[in-house]
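If you read the sequence from its start, that first residue is 1, and numbering goes on from there. Below, each value reflects all heavy atoms present in this structure, side chains not excepted, and no hydrogens, waters or symmetry copies.
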Amino acid sequence: MIEKEAMYKITYGLFMLTTTDGEKQNGCIVNTVSMLTDTPKRIVVFVNKSNYSEELLRKTGIFNVSVLTESTSFDVFRQFGFQSGRDVDKFEGGRYETSENGLYYLTDCANAVLSAKVIDYYDYDTHTLFVAEVTEAKTLSTEKSVTYEYYQSYIKPRPNAEPPKTEGKGKWVCKICGYVHEGEELPEDFICPWCKHPAEDFEKVG
């Protein structure tokens, strides 16, 4: 038996990865960025194949990583993590700083930005592992980097301990992102519209 909750105990950071299709920039939230070598400075990043950014990264080979901080609001995670760049322009209407490679990065909720160029990549079923050489690195603040555990405990919306009753309806809450679905039953094939996790990651609270 594999308990998914046990996997959530692994320590992760949370980052916003930015890349481009040549005309429009796109970004997504990732939780696995690690330093690989110091000389030369190389990093690795895992990106889910379902993310539009993974497709773009294979094509262009350049990206930025904004290291998110504990002050990052849930709106940032919803903007860059719970919708697809195939359907929307995630940067529309905002003003963002640009690094030397021409890509956007976050400043208000990031303590550092790394720019990198892909030198190799490996296919691992649901994810692609990109190996990249760092081309620029800049410190933005001294604020603490956010961890996945911190996000789960203090940033992700939580349902009320006693959710309001809706006549004739129950409430199902996504344990990943906090999305609430109303209905007495949750279809087995239900997919969370925010984080795209399946019905098994929902729990009934009302």
Please enumerate all residues that pass ring pair (Phe, Tyr, Trp, His ring centres under 6.0 Å) together with H181, with sequence neighbours excluded. F190
Report the distance from atom CG of N31 to atom OG1 of T11, rounding to the nearest 0.5 Å. 11.5 Å
Less than 3.5 Å apart, any donor N or O on the side chain of Y105 or K138 sitting next to an acceptor on the other? yes
Please evaluate residues F46 and Y121 with respect to the criterion ring pair (Phe, Tyr, Trp, His ring centres under 6.0 Å), reporting the C-alpha separation (whole Å), side-chain torsions for both, the decisive distance (0.1 Å), and the verdict. CA-CA 10 Å; F46 269 101; Y121 64 87; over 10 Å; no
Testing the 3.5 Å rule here: is there a donor-acceptor pair between the side chains of S53 and N26? yes
Do E92 and K24 meet the salt-bridge criterion of a basic N to acidic O distance under 4.0 Å? no
Check this for me, if you would: do K171 and E182 make a salt bridge, where the nitrogen-to-carboxylate-oxygen distance has to be below 4.0 angstrom? yes
For the residue pair Y154 and F74, is the inter-centroid distance of their aromatic rings smaller than 6.0 Å? no
Nearest 0.5 Å, what's the SG-CD1 distance between C174 and I191? 10.0 Å
Scan residues 56-67 for pairs that pass side chain to side chain donor-acceptor pair (under 3.5 Å), counting only residues two or more places apart or in two chains. T19-T60, E54-R58, E55-K59, R58-T128, N64-S99, N64-N101, N64-S115
Minimal heavy-atom distance between E3 and M1, with the atoms involved, is OE2-CE, 3.4 Å
May I ask you to decide if K41's main-chain N or O and D38's side chain share a donor-acceptor pair within less than 3.5 Å? no
Is a side-chain N or O of K90 found less than 3.5 angstrom from the main chain of F80, in a donor-acceptor match? yes
Taking salt bridge (charged side-chain N to carboxylate O under 4.0 Å, His left out) as the definition, give me every residue that meets it alongside D75, ordered by chain and number, with sequence neighbours left out. R78
Ionic contact status for K49 with D123, cut-off 4.0 Å: yes
Which residue, T32, V30, T147, forms the side-chain contact (heavy atoms from CB on, under 4.5 Å) with Y12? T32
Under 6.0 Å between the ring centres of F77 and Y151? yes
